[in-house]
Amino acid sequence: MVNQISDPDQEKNDLVDEDRRRFLLKTTCVLGGIGALCAVTPLISSWFPSAKVQAEGAPVQVDLSNLEPGEQAVVEWRGKPVWIIRRTKEMLQRLTTHSSRLRDPHSRTRQQPSYATNAHRSINPEYLVLIGICTHLGCSPKYKPNLGDLGPDWPGGFFCPCHGSAFDLSGRVFKDVPAPINMEVPPYYFIDEHTLVIGEDKA
C-alpha cells in the first residue's frame, strides 16, 4: 500500500485558484448586470414622453391686441395649426344667411367644447378659434373671408383646394363637399379681453 503524501504548496495553489474563480465569477456577474442595465435604460426611457413632446402638448398663450378685425392669426398647438379669426360685425351677420346650405349648422357632431356649440362656435362671437385642418383628409384650407371670393354665392369662410371642401366663417361644413363634419374647435379660454389660452378649459 502506497501512502499519498499531501503537498502543502499544491493545496495552497488549489485554494488560490478557487478564490480566483470566485472573484472572476463575481466580477463577470457584476459587469453583466451593468451591461444589461445600460441596454435596458434606453428602452425604458423611450416609454416616457420627451420634454419636447410634453412642451408641444402644453397650453399656448396668445396676445390678440394687434389682431385687426377681419384678420387671421396662426399659432401652433400640439403640432397643429390653430387659426384665430377676428370677425367683423358684417361677418357675424352673414353666419345666419346660409344655414340651409350647411351639413351641420347647429354643430351637433362633437367637434367643439360645449361653450362653442352655437352659431358662431366660440366663447366671444368676435373671435373664432379653429384647428386649421380640413376634416376630409387633413389638408389645410385657405382663408377666403370676402363675399364672392369663390363665386357669387360665397358667404366667406375657408376653402380646401386639395379636394374642394368648404366651410363658413364658423368652420361649419357646407353640403355636397368631401369633408364630412365641421372643423374642430380646440379647448380655450380668455384670461382678459385680448389674451387667449389655447389647449385647456378655464378652471
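Between the CZ atom in R87 and the CG atom in N124 there is a gap of 8.5 Å [rounded to 0.5 Å]. The CD atom of E90 sits 11.0 Å away from the CG atom of L95 when rounded to the nearest 0.5 Å. With rounding to the nearest 0.5 Å, the separation of CD in Q112 from CG in L130 is 10.0 Å. A distance of 5.0 Å separates CG in N182 from OG in S107, rounded to the nearest 0.5 Å.
Counting all heavy atoms, side chain and backbone alike, G156 lies closest to R94 at CA-NH1, 3.9 Å. Contact between R103 and V177 at its shortest, heavy atoms only, is NH2-O, 3.3 Å. Considering every non-hydrogen atom in both L92 and P125, the closest pair reads CD2-O, 3.2 Å.
Taking T195 as the reference, D192 meet the side chain to side chain donor-acceptor pair (under 3.5 Å) condition, with sequence neighbours excluded. Under the side chain to side chain donor-acceptor pair (under 3.5 Å) criterion, N118 pairs with H120, sequence neighbours left out. Among residues two or more places apart in sequence or in another chain, the side chain to side chain donor-acceptor pair (under 3.5 Å) test is passed with D104 by T109. In terms of the side chain to side chain contact (heavy atoms under 4.5 Å, CB included) criterion, residue partners of V197 (sequence neighbours excluded) are, by chain and number, P59, Q61, Y189, I191, E200. For the side chain to side chain contact (heavy atoms under 4.5 Å, CB included) test, residues two or more places apart in sequence or in another chain that qualify with P186 are W77, V82, V129, I131, I198. Judged as a side chain to side chain donor-acceptor pair (under 3.5 Å), and not counting sequence neighbours, the contacts of S65 are D63.
M183 places a side-chain heavy atom less than 4.5 Å from the side chain of P141. Contact of the Y143 side chain with the L169 side chain is registered, since non-hydrogen atoms from C-beta on lie closer than 4.5 Å. Between R101 and P155, the closest side-chain pair of non-hydrogen atoms falls below 4.5 Å. Residues V185 and P113 form a side-chain contact, since some pair of their non-hydrogen atoms from C-beta on lies under 4.5 Å apart. The closest side-chain heavy-atom distance from I84 to L64 is below 4.5 Å. Taking the side chain as every heavy atom from C-beta outward, K80 and I133 approach each other to under 4.5 Å. Using a 4.5 Å heavy-atom cutoff, the side chains of F190 and K202 are not in contact.
Side-chain contact annotation: D201 with Y188, donor-acceptor N/O pair under 3.5 Å absent.
Residue pairs meeting the side chain to side chain donor-acceptor pair (under 3.5 Å) criterion with at least one partner in residues 148-162, sequence neighbours excluded, do not occur; the list is empty. Residue pairs satisfying the salt bridge (charged side-chain N to carboxylate O under 4.0 Å, His left out) criterion with at least one member in residues 128-141, sequence neighbours excluded, are absent. Annotation: salt bridge (charged side-chain N to carboxylate O under 4.0 Å, His left out) contacts involving residues 121-138, sequence neighbours excluded, comprise R86-E126. Judged as a salt bridge (charged side-chain N to carboxylate O under 4.0 Å, His left out), not a single pair has a partner in residues 105-117 (not counting sequence neighbours). Applying the salt bridge (charged side-chain N to carboxylate O under 4.0 Å, His left out) test to every pair with at least one member in residues 154-164, sequence neighbours left out, gives no pairs at all.
Looking at S140, its side chain does come within 3.5 Å of a backbone N or O of G132 through a donor-acceptor pair.
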Please tabulate, for side-chain N and O atoms in residues 157-168, each donor-acceptor pair with protein atoms closer than 3.5 Å (sequence neighbours left out).
residue: S165; atom: OG; partner: A179; partner atom: N; Å: 2.9
residue: D168; atom: OD1; partner: S170; partner atom: N; Å: 2.9
residue: D168; atom: OD1; partner: G171; partner atom: N; Å: 3.2
residue: D168; atom: OD1; partner: R172; partner atom: N; Å: 2.9
residue: D168; atom: OD2; partner: H98; partner atom: NE2; Å: 3.0
residue: D168; atom: OD2; partner: R172; partner atom: NE; Å: 2.9
residue: D168; atom: OD2; partner: R172; partner atom: NH2; Å: 2.7

>> I'd like to know whether V173 forms a side chain to side chain contact (heavy atoms under 4.5 Å, CB included) with L102, so could you lay out the CA-CA distance, the side-chain angles of the two residues, the decisive distance to 0.1 Å, and finally the verdict.
In response: CA-CA 6 Å; V173 67; L102 300 173; over 6 Å; no

